[in-house]
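Below is one structure; the comments refer to it alone.
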Amino acid sequence: MIENARQKLIFALDVETIEEAERWALRLRDRVGMFKIGKQLFTRCGPEAVKRIRDCGGEVFLDLKYHDIPNTVTKASLEAARLGVKMFNLHALGGKEMMAATAAALRDRFPAQTRPLLLAVTILTSMSAEALREVGIPAPAEEIVPRLALLARDAGLDGVVASPREIAAIRQACGPGFLIVTPGVRPAAAAADDQKRIATPAEAIRAGADFLVVGRPIAAAADPEAAAAAIVEEMAAALRKG
Ligand code: C5P
């Protein structure tokens, strides 16, 4: 169960240089299941960042949130897959045609063993009801998030990225087997930082999350290895009870 839990923990590499990223990968490669590379590190260091983490023995979640016309997202996605990432994502608001074309292209070109998991971001958690209205979306996020998750599932995606408070509604709308990757996770003893809608690792697992993304509670801990191990232990306990 510990190994199963470890595989489900993703460490957010929110750092500026490849060297820093590599240091974290070497420290945590046996403690977490994956490393998330986002826009900051990728914009600065490019595909080399992915290569170097993989060379350290780490699997990569490439968090670039593609949002463009179907042809462009499909082509960018095939490049992401060629980098050997384990998972990456796009915006569901790019529409079903974009999502379906991307999912189909990945299935065409990559056998199941090497095909990365394709996830959708539904509504950014930074969007308030007011911000949604400003861009012409009158419905509340609670209504749109499960709807976009279902659209992603129907388009052939593997899952979504969702905040802890959205997990239950998505699980209900999309059923089992559709992956839910959850940031905003804070062990009870950790600082909330700028995260507002937080859950503990156990709560997120119990609500139905398949993967947890954790950054600062590990990176800022006095003993990051121990912090990662404690999170994995808490996840494993929740998995045993579930
Ligand atoms: O340090 P912390 O645990 O808050 O890091 C969480 C990671 O997940 C960061 O890389 C952050 O950008 C990302 N994320 C998030 N909330 C979302 C989507 C992504 O915190 N709604």
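Just follow the structure's listing: the first ligand is 1, and inside any ligand the first atom is 1.
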Practice problem: Would you tell me which option among Gly184, Ala162, Pro183 has the nearest heavy-atom contact to atom 15 (C) of ligand 1? | Solution: Pro183
Give the residue and atom name of whichever protein heavy atom lies nearest to [atom], and the separation in Å to one decimal.
atom                    : value
atom 6 (C) of ligand 1  : Gln195 NE2, 3.9 Å
atom 9 (C) of ligand 1  : Asp14 OD2, 3.3 Å
atom 12 (O) of ligand 1 : Lys36 NZ, 4.2 Å

Quiz item: Would Pro217 count as a contact of ligand 1 if the rule is a heavy atom under 4.0 Å away?
Solution: yes
Quiz item: Does ligand 1 have an atom under 4.0 Å from some heavy atom of Asp193?
Solution: no
Quiz item: What's the spacing between Thr72 OG1 and Tyr66 OH if we round to 0.5 Å?
Solution: 11.5 Å
[X] side-chain N/O to [Y] backbone N/O, donor-acceptor pair under 3.5 Å:
X      : Y      : result
Thr102 : Met98  : yes
Arg54  : Val60  : no
Arg171 : Phe178 : yes
Asp158 : Leu118 : yes

What atoms of ligand 1 come closer than 4.0 angstrom to any heavy atom of [X]?
X      : answer
Ala12  : 7 (C), 10 (O)
Val213 : 7 (C), 8 (O)
Gly215 : 1 (O), 2 (P), 3 (O), 5 (O)
Val214 : 3 (O)
Arg216 : 1 (O), 2 (P), 3 (O), 4 (O)

Below 3.5 Å, N or O to N or O, backbone or side chain included: is there any such pair between [X] and ligand 1?
X      : answer
Arg186 : yes
Thr125 : yes
Asp194 : no

Exercise. Answer yes or no: are there more than 12 heavy-atom neighbours, outside Lys39 itself, under 6.0 Å from its atom NZ?
Key: yes
Quiz item: Does a side-chain heavy-atom distance below 4.5 Å link Ile37 with Val50?
Solution: yes
Quiz item: Does the gap between the ring centers of Phe35 and Trp24 come in under 6.0 Å?
Solution: no
Quiz item: Would Arg52 and Glu19 satisfy salt bridge (charged side-chain N to carboxylate O under 4.0 Å, His left out), going step by step from the backbone distance to the final call?
Solution: CA-CA 9 Å; Arg52 298 266 285 270; Glu19 291 69 31; 3.7 Å; yes
Exercise. Using a 4.0 Å heavy-atom threshold (strictly under), name the region of Ser126 that reaches ligand 1: side chain, backbone, both or neither.
Key: neither
Exercise. Looking only at non-hydrogen atoms, find the nearest pair between Leu41 and Ala21 and report the distance.
Key: CD2-CB, 3.9 Å
